[in-house]
Asker: 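What follows is a single structure, and I will ask about it in a moment.
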Protein chains: 2
Amino acid sequence: MNLKAERGAATRDRVLAIATRLFAERGYDDTSIEAVLQESGLSRGALYHHYAGKDALFEAVLEATESAVGGKLLEAVRGISDPVAALRAGVLAWISLAGDPVIKRIVLIDAPSVMGWERWRAMEERYSFGMLKGALEATGAVPAEFLDLHAHMLLAAVNESALLVARGGDHDTAVAAVEEFLRRVLTAAPESEP
Amino acid sequence: MNLKAERGAATRDRVLAIATRLFAERGYDDTSIEAVLQESGLSRGALYHHYAGKDALFEAVLEATESAVGGKLLEAVRGISDPVAALRAGVLAWISLAGDPVIKRIVLIDAPSVMGWERWRAMEERYSFGMLKGALEATGAVPAEFLDLHAHMLLAAVNESALLVARGGDHDTAVAAVEEFLRRVLTAAPESEP
DNA sequence: TCGTTTACAGACCGACTGTCGGTCTATGAA
DNA sequence: TTCATAGACCGACAGTCGGTCTGTAAACGA
């Protein structure tokens, strides 16, 4: 079980790369399985042998993309010991990464609607969200009972600014705004209500 | 030009109501025009006479939904003069509204992918985002150069917690977390960098 | 050597979206 | 009252697409 397994894996990788490009360029709906077949030179039967369907193919693409992003983020924060500095570095790295149309379109725009919000969220949990939550916890700046929700909100806020940058907003302004936003979220506000 | 125009408008409304329900229940992809035709008793030709296509139908549904939400939000903040209190009231009302599956699925999940992020954003600008940005500006708590970006981030954060509540998270905890988050975002953080 | 497993091929099916020629009726001017 | 027009509505049809099914060849394990 060697030559065959290798050939299968190679085929899967080839299809995955092509599908990633097409999904990113045209979006999920406007990417036909037909196009993937044509570009890969594969037959219908072969593709459906490796991937259960279009959804499954998309999910595999998403998983691979998230995994790659996770690796790059870990690299970005490597060696930074101060939790706040690490959090900031990770967030800024993520904003730059999300400028990549592949990530923008696949991870941030199509994924929730294609996979369903629940499953998308579950996958995010294992990658970017998980990392951000851990980093946020390490700073100790957020009360434990709000940690999960604040991590969600912060990630959503950062994703949003990443999308704005990707759309053509000014990168430096966005970075400054995000840094200020982050500072505020990490700073306990004075109680004001009676 | 009265009876005919009225009949046309009535038909459009009927189709819109049915499409809204189906899109919310099954999502955009899994809702067939066929189903809309069947439930409305209309013919293909008639539907395509009123709406240019499935996308256009979805867009009309989204527009109507956003408009309705906008009205409810205005109602929620009516009579509140303190800007911060108004902002909080609006945000909390929005979280409750987003518990509605119609809003959750159509506005928050499917819209960006179906209409394209750019056009979705442009529409949000005219409704929820526009209101939030105005409210945020009124508080005077955010520097002008960050107003737009912080409004985006704040809305994304609030949307996220609304989705979490809709998924089954605890409403009260989420509200408390959002209030704390909002307090922090409205509080200027001390400068710390050299 | 021989049965089994696996990668791959491609014809085929059903469902769906969108188009197109045509019908019918309300409307408003002659 | 008559009649031409515009707009609501109809339904057959074409084209596309996702997914299934049967078949083939080659690698694998015994």
Side-chain angles (χ1 to χ4, degrees), chain A residues 1-62 106 110-111 113-116 119, chain B residues 1-62 106 110-111 113-116 119:
Chain A
M1 185 82 66
N2 207 336
L3 207 166
K4 271 167 75 174
E6 266 179 35
R7 224 172 48 175
T11 300
R12 270 190 296 275
D13 286 354
R14 208 171 72 240
V15 170
L16 212 62
I18 289 168
T20 300
R21 185 167 52 77
L22 292 180
F23 281 146
E25 282 174 8
R26 317 178 184 178
Y28 179 80
D29 249 339
D30 291 342
T31 299
S32 67
I33 291 286
E34 205 65 42
V36 176
L37 296 181
Q38 200 154 357
E39 294 223 14
S40 64
L42 216 60
S43 70
R44 275 194 112 62
L47 190 143
Y48 278 92
H49 172 69
H50 289 292
Y51 297 99
K54 197 181 175 186
D55 311 359
L57 178 58
F58 181 85
E59 193 169 334
V61 164
L62 180 62
I106 295 177
D110 279 342
S113 120
V114 173
M115 297 184 50
R119 301 185 56 223
Chain B
M1 187 81 64
N2 206 338
L3 207 166
K4 271 168 74 173
E6 265 180 36
R7 222 168 52 173
T11 300
R12 271 190 296 275
D13 286 354
R14 207 171 75 242
V15 169
L16 211 62
I18 289 168
T20 300
R21 183 166 53 77
L22 292 181
F23 281 145
E25 281 174 8
R26 317 178 184 179
Y28 179 81
D29 248 340
D30 291 343
T31 299
S32 67
I33 291 287
E34 206 65 42
V36 176
L37 296 181
Q38 199 154 356
E39 294 223 14
S40 64
L42 214 61
S43 71
R44 273 195 111 58
L47 190 144
Y48 278 91
H49 172 70
H50 289 294
Y51 297 100
K54 198 180 172 184
D55 311 1
L57 179 57
F58 181 86
E59 192 168 335
V61 164
L62 180 64
I106 294 177
D110 280 342
S113 123
V114 172
M115 295 184 52
R119 301 185 55 224

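Here is how names work: the chains are called A, B, and so on, in the same order as the sequence lines, proteins then strands, and each is numbered from 1. In what follows, every heavy atom counts, from backbone to side chain, and hydrogens, waters and symmetry copies are set aside.
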Asker: D:dG18 C1' sits how many Å from A:Asp55 CG, rounded?
Answerer: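 Distance, rounded to whole Å: 10 Å.
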Asker: Using a cut-off of 4.0 Å between protein heavy atoms and nucleotide atoms, how would you tag nucleotides 9-17 of chain D 5' to 3' with B, S and -?
Answerer: SBBB----S
Asker: Is A:Arg12 close to A:Val15 at the side-chain level, that is, under 4.5 Å between some pair of heavy atoms?
Answerer: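 Not in contact.
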Asker: Send over the distance from A:Leu37 CG to C:dA11 P, rounded to a whole Å.
Answerer: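 In whole Å, C:dA11 P lies 13 Å from A:Leu37 CG.
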Asker: Rounded to the nearest Å, what distance is computed from the CG atom of residue B:Asp30 to the C1' atom of nucleotide C:dT17?
Answerer: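 Roughly 15 Å, once rounded to whole Å.
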Asker: Please tell me if the side chains of B:Leu57 and B:Phe23 come closer than 4.5 Å, counting only heavy atoms from C-beta onward.
Answerer: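 Of all side-chain heavy-atom pairs linking B:Phe23 with B:Leu57, at least one is under 4.5 Å.
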Asker: Just verifying a value: how many Å separate B:Asp30 CG and B:Leu22 CG, rounded to the nearest 0.5 Å?
Answerer: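 Rounded to the nearest 0.5 Å, the CG-CG separation comes out at 11.5 Å.
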Asker: Rounded to whole angstrom units, what separation is found between the CD atom of B:Gln38 and the C1' atom of C:dA15?
Answerer: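 Distance check: B:Gln38 CD to C:dA15 C1' gives 13 Å.
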Asker: Take the protein atom OH of B:Tyr51 and the nucleotide atom C1' of C:dT17, then report the distance between them rounded to whole Å.
Answerer: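 After rounding, the gap between these two atoms is 18 Å.
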Asker: Side-chain donor-acceptor pairs under 3.5 Å in residues 34-43 of chain A, sequence neighbours left out?
Answerer:
from    : atom 1 : to      : atom 2 : distance (Å)
A:Glu34 : OE1    : A:Arg44 : NH1    : 3.0
A:Glu39 : OE1    : A:Arg21 : NH2    : 2.4
A:Ser40 : OG     : A:Val36 : O      : 2.8
A:Ser40 : OG     : A:Leu37 : O      : 3.2
A:Ser40 : OG     : A:Leu42 : N      : 3.3
A:Ser43 : OG     : A:Ala46 : N      : 3.2

Asker: So do A:Tyr28 and A:Asp55 actually touch side chain to side chain, heavy atoms under 4.5 Å?
Answerer: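 They are in side-chain contact.
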Asker: Please tell me if the side chains of B:Leu16 and B:Tyr51 come closer than 4.5 Å, counting only heavy atoms from C-beta onward.
Answerer: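 The answer is yes; the side chains approach within 4.5 Å.
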